[in-house]
Amino acid sequence: MNSNTFRMPARRLAVVATATALAAGPAALAGAGPAQATGGDQGRGGSADAVVLRTGLDVSLLNKTVNVPLKVALNEVRAPGSAEKTALTARLDAVDGGKPFSVLRADVATAKATVRGGRAEGHSTIARAEVHVPGLPLLSLIEVEQVTSKAVCEAGKRPVAEANLLGGVTVLGKKVTLTAGQTAEVKVPGVGEVRLDLSKTRTTSRTAVAAALELKVSVNPLKLNVAEVEGTVTLAGAGCSAPASVPAPAPEGEREEGGAEPQGEREKPAKPATDTRPKASEANLAETGGSSMTPYVAGGAVVLLLAGAGGVTLARRGRG
């Protein structure tokens, strides 16, 4: 074997050994290091909604054997959202020649829904409002001074639902006295009847629903091609579901900083003094981002570097 044939393998050996050591060392250290936790919003998963008015009515016509649905909503929002609109009109082709009619008019009609920081909340308010149904253009179905509803769901706490009526209520032209949680009925000969539920609320371990007023309607106006109107009307509704409660992770290094150890750890007998040195080394490695594999990786890198250096020396001797 002459010096020319020996020189090239020696150089290649040195280069390969050096590159291998540099590549293997960081890769092994990266694999042995501790996993990093990714942060997240603990308030995720909750929901909230609110609506000023919602109708689910069937309108029967005089000259047809069909029902025309009237399903409308005013200021219906879901988190995050808010709306403020004080008038709602609808149009039914077979009613009053297809002219638009007013379903609700109010001085104040707001709805808001939010989910933030582990708390979900829906809220709606109506003030000085009138509700109309097809076939009764001059007579209001209901008039209210002010109604509000609120639903609050917070992680780790019992949900709360509230609905309040402030001021008087007039149904089909009659003054009505309502008691929270009870049902009232209003009957008007030749017009129809309305059943009202005031401050209707419902809660579970994670949800809440509130409605300031729920009306079950059955009227027979016999005007404007309308024979009968039946269904439900909801005023000032709100709902929510609580975000999932996620326990916060313990801060890193709490044990090293003198944090309290679990009771089981304190009850274990102390280990011999000869075991304290390896534990201290492992603690130091943890603080610098290493692990118990670090000495082996470092040793392997040193061997490879020495092999590379030996190859370079042989190459130089061969040239000499």
Side-chain angles (χ1 to χ4, degrees), residues 48-57 70 72-77 82-90 101-114 121-152 159-189 191-203 208-219 221 229 231-240:
D49 59 85
V51 64
V52 165
L53 174 139
R54 183 186 293 113
T55 68
L57 299 171
L70 177 60
V72 296
L74 176 65
N75 295 355
E76 186 171 26
V77 296
S82 62
E84 183 174 353
K85 187 178 180 181
T86 58
L88 172 66
T89 60
F101 62 92
S102 172
V103 179
L104 181 139
R105 293 176 182 172
D107 289 352
V108 177
T110 61
K112 186 176 182 181
T114 59
E121 180 176 344
H123 185 272
S124 59
T125 301
I126 309 172
R128 292 174 294 280
E130 298 181 2
V131 178
H132 291 264
V133 296
L136 295 175
L138 302 179
L139 182 62
S140 301
L141 175 67
I142 186 171
E143 299 178 15
V144 297
E145 288 294 324
Q146 184 175 354
V147 290
T148 64
S149 67
K150 184 178 182 180
V152 180
V160 177
E162 298 177 354
N164 297 294
L165 172 65
L166 305 175
V169 176
T170 302
V171 179
L172 297 178
K174 286 187 173 184
K175 291 284 185 180
V176 180
T177 300
L178 299 175
T179 303
Q182 295 186 355
T183 299
E185 292 187 0
V186 177
K187 296 182 180 181
V188 178
V191 177
E193 62 183 61
V194 177
R195 190 183 72 185
L196 300 90
D197 289 321
L198 173 65
S199 302
K200 194 171 183 179
T201 62
R202 184 177 71 254
T203 61
V209 178
L213 280 173
E214 282 194 355
L215 289 72
K216 187 173 182 180
V217 180
S218 179
V219 297
V229 179
T232 60
V233 175
T234 300
L235 286 173
C240 63

(request) For V144 and L213, run side-chain contact (heavy atoms from CB on, under 4.5 Å): C-alpha distance rounded to whole Å, both residues' side-chain angles, the deciding distance at 0.1 Å, then the answer. (result) CA-CA 10 Å; V144 297; L213 280 173; 3.7 Å; yes
(request) Determine, step by step, whether I142 and V169 satisfy the side-chain contact (heavy atoms from CB on, under 4.5 Å) criterion, reporting the C-alpha distance in whole Å, the side-chain angles of both residues, the deciding distance to 0.1 Å, and the verdict. (result) CA-CA 7 Å; I142 186 171; V169 176; 3.8 Å; yes
Working to the nearest 0.5 Å, report the span between [atom1] of [X] and [atom2] of [Y].
X    : Y    : atom1 : atom2 : value
S124 : K112 : OG    : NZ    : 13.0 Å
E143 : E130 : CD    : CD    : 4.5 Å
L198 : L165 : CG    : CG    : 5.0 Å
L235 : T125 : CG    : OG1   : 12.0 Å
T232 : E214 : OG1   : CD    : 7.5 Å

With sequence neighbours excluded, residues passing side-chain hydrogen bond (donor to acceptor under 3.5 Å, both in side chains) with [X]:
X    : result
Q146 : none
R128 : D107
S102 : R105
D197 : T183

(request) For T86 and A109, indicate whether the former's side chain and the latter's backbone hold a donor-acceptor pair under 3.5 Å. (result) no
(message) Taking V131's backbone N and O only, do any of them form a donor-acceptor pair with S140's side chain (distance below 3.5 Å, no angle check)?
(response) no
Can you tell if the side chain of [X] reaches within under 4.5 Å of the side chain of [Y], non-hydrogen atoms only?
X    : Y    : value
V194 : L172 : yes
L141 : L136 : no
V176 : T170 : no
F101 : P134 : yes
L196 : V171 : yes

Provide the closest heavy-atom pair for [X] versus [Y] in the form atom of the first, atom of the second, distance.
X    : Y    : result
A211 : T234 : CB-CG2, 4.1 Å
A184 : L178 : CB-CD2, 3.4 Å
A236 : S149 : O-OG, 2.8 Å
A161 : R202 : CB-O, 4.3 Å
L104 : A106 : CD2-CB, 3.9 Å
K85  : L74  : O-CD2, 3.7 Å

Show me, pair by pair, the donor-acceptor contacts under 3.5 angstrom made by side chains of residues 48-57, not counting sequence neighbours?
{"residue": "R54", "atom": "NH2", "partner": "E76", "partner atom": "OE2", "Å": "2.7"}
{"residue": "T55", "atom": "OG1", "partner": "L70", "partner atom": "O", "Å": "3.1"}
{"residue": "T55", "atom": "OG1", "partner": "V72", "partner atom": "N", "Å": "3.1"}

(message) side-chain contact (heavy atoms from CB on, under 4.5 Å) for V160 and T203? Distances and angles first, verdict last.
(response) CA-CA 7 Å; V160 177; T203 61; over 6 Å; no
(request) Any salt bridge (charged side-chain N to carboxylate O under 4.0 Å, His left out) involving residues 171-182? Give me the pairs, sequence neighbours left out, ordered by first then second residue. (result) none
